[in-house]
Amino acid sequence: RSLMFETGPGNLDAVGVLRSVPNVTAGSVFTTIYRTMPHDTDLSELALLGTPALNFAFGDGADRYHTSHDDVSHLDAGSLQHHGQQALALARAFANESLPRPRSGDAVFFDLPVVGLVVYSEKWAMPLALLAAAFALVVIIRLRHEATRFGRDILMGAAATLGAVVLSVAAAYLAGLIISLLHTKLPWGGAPALSPVYWAAIALLSLAISTACYVAVRRRGSMGGLHVGALLIWTLLSLAAAAIAPGSSYLFTLPALVVALAAFLAAGHGLLTAKGMSQFRAALLTAALLIPIAYLLG
């Protein structure tokens with residue numbers, strides 16, 4: 001797919017026009033990442049001029065980039081078609097509206113299956129994070145009598161969440177070293193850092209570590225307390241992202257908000273209860289946000 005991965009400053013208006021383009025893939029988290037990276041792109045000169053702009057690219061087969069194999073015969077026709085459809089739709093949209101475009105601030109944006117491109121001003125990043133924090137606080141107050149050691153269970157859930165993150169990062173780094181070492185010793189060829197098979201294997205390793213951390217603490221604490229502990233960590237990450245990098249805040253704020261709302265519903269156990277279905281929908285939204293990011297980065 002052709003990804004809209006970078007914008008110029010003041011992108012709210014331009015990304016708003018992008019909403020009218022069907023079948024778009026975009027995310028402000030990528031814009032946030034590229035603005036912090038030291039190297040330039042084709043958009044760099046326009047960005048220096050403060051000109052709103054949109055940068056599209058498709059990056060499969062990146063190991064051929066700037067090599068003798070970076071040629072038309074290796075170009076994917078479907079990617080080129082997707083690229084061209086978005087460019088043509090934007091050209092028509094801008095041509096049918098007044099120019100120059102109005103100046104605006106930056107936006108938080110991401111695409112969701114069925115829903116399409118979601119766009120809102122960065123000014124809403126902190127209020128939404130605070131709303132998620134407020135619901136999380138209400139959940140903690142409401143559930144504090146659920147278990148005799150609820151406070152301890154919250155700490156265990158928070159520790160398990162942080163432990164899963166730290167162990168997953170360490171394991172991914174170690175796996176990367178091992179894979180790179182194997183490629184220097186064995187005649188496999190290729191660029192291991194760009195292999196989707198290795199990326200998938202490392203992602204499954206991270207999932208296994210996270211599951212093991214949850215199972216380890218689940219035997220020692222209440223489910224409600226452990227879930228609230230994980231929610232607490234995610235809410236703190238939401239607040240930090242909204243303050244430091246609002247373009248990436250949706251990855252933390254929206255999951256925290258919908259999970260807190262699910263926990264806020266009436267008590268019940270099992271998937272088919274109101275609470276169970278709300279948690280299931282919260283998990284689906286979180287997966288819809290995070291899995292495409294992991295896939296595109298891979």
Side-chain angles (χ1 to χ4, degrees), residues 29 32 110 125-126 128-144 146-175 202-246 248-265 267 269 271 275-276 278-295 297-298:
V29 63
T32 301
F110 54 92
M126 183 55 73
L128 286 173
L130 290 172
L131 181 62
F135 272 107
L137 181 60
V138 172
V139 167
I140 292 174
I141 294 173
R142 284 186 56 180
L143 297 180
R144 69 185 186 279
E146 185 177 287
T148 56
R149 298 181 178 179
F150 190 65
R152 184 208 64 170
D153 293 346
I154 291 178
L155 291 177
M156 288 177 59
T161 303
L162 288 175
V165 172
V166 172
L167 290 175
S168 295
V169 171
Y173 179 74
L174 180 61
I202 291 175
L204 289 174
L205 175 62
S206 177
L207 179 62
I209 292 172
S210 299
T211 303
C213 289
Y214 176 76
V215 171
V217 297
R218 177 66 186 89
R219 297 173 179 174
R220 296 173 175 82
S222 67
M223 182 179 294
L226 299 177
H227 286 179
V228 169
L231 174 61
L232 179 62
I233 294 299
W234 209 255
T235 302
L236 292 175
L237 290 174
S238 168
L239 291 168
I244 300 171
S248 66
S249 61
Y250 69 94
L251 294 175
F252 305 97
T253 299
L254 295 184
L257 183 57
V258 295
V259 169
L261 283 172
F264 182 74
L265 295 178
H269 299 286
L271 183 61
K275 183 178 180 180
S278 296
Q279 291 174 338
F280 181 67
R281 286 191 289 268
L284 284 179
L285 175 60
T286 303
L289 286 170
L290 298 181
I291 291 177
I293 299 295
Y295 175 78
L297 287 176

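What you are looking at is a predicted structure, and each value in this text was computed from that prediction instead of being measured.
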Please list, chain by chain and in numerical order, all residues satisfying side-chain contact (heavy atoms from CB on, under 4.5 Å) with [X], sequence neighbours excluded.
{"X": "Ala132", "value": "Ala256, Leu257"}
{"X": "Tyr214", "value": "Arg218, Met223, His227"}
{"X": "Leu237", "value": "Ile233, Trp234, Phe252"}
{"X": "Ala164", "value": "Ser210, Cys213"}

[X] side, atom [atom1]; [Y] side, atom [atom2] - distance, nearest 0.5 Å:
{"X": "Leu155", "Y": "Leu226", "atom1": "CG", "atom2": "CG", "answer": "10.5 Å"}
{"X": "Ile154", "Y": "Ile140", "atom1": "CD1", "atom2": "CD1", "answer": "5.0 Å"}
{"X": "Leu207", "Y": "Ser168", "atom1": "CG", "atom2": "OG", "answer": "8.5 Å"}
{"X": "Leu162", "Y": "Leu167", "atom1": "CG", "atom2": "CG", "answer": "10.5 Å"}

If every non-hydrogen atom of [X] is compared with every non-hydrogen atom of [Y], which pair is closest and at what distance?
{"X": "Val139", "Y": "Ala260", "value": "CG2-O, 3.5 Å"}
{"X": "Leu239", "Y": "Met126", "value": "O-CE, 3.8 Å"}
{"X": "Arg220", "Y": "Asp153", "value": "O-OD1, 4.2 Å"}
{"X": "Ala242", "Y": "Ala125", "value": "CB-O, 3.7 Å"}

Decide yes or no on side-chain contact (heavy atoms from CB on, under 4.5 Å) for Val29 and Tyr250, but give the supporting numbers first. CA-CA 8 Å; Val29 63; Tyr250 69 94; 3.2 Å; yes
Return each pair, listed once, that meets side chain to side chain donor-acceptor pair (under 3.5 Å) where at least one residue sits in residues 235-246; pairs must be two or more places apart or across chains.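 Non-adjacent pairs meeting side chain to side chain donor-acceptor pair (under 3.5 Å): Ser238-Thr253.
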Can you name the side-chain hydrogen bond (donor to acceptor under 3.5 Å, both in side chains) partners of Thr32, sequence neighbours left out? none
Any side-chain heavy atom of Leu254 within less than 4.5 Å of one from Val258?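 Answer no - side chains too far apart.
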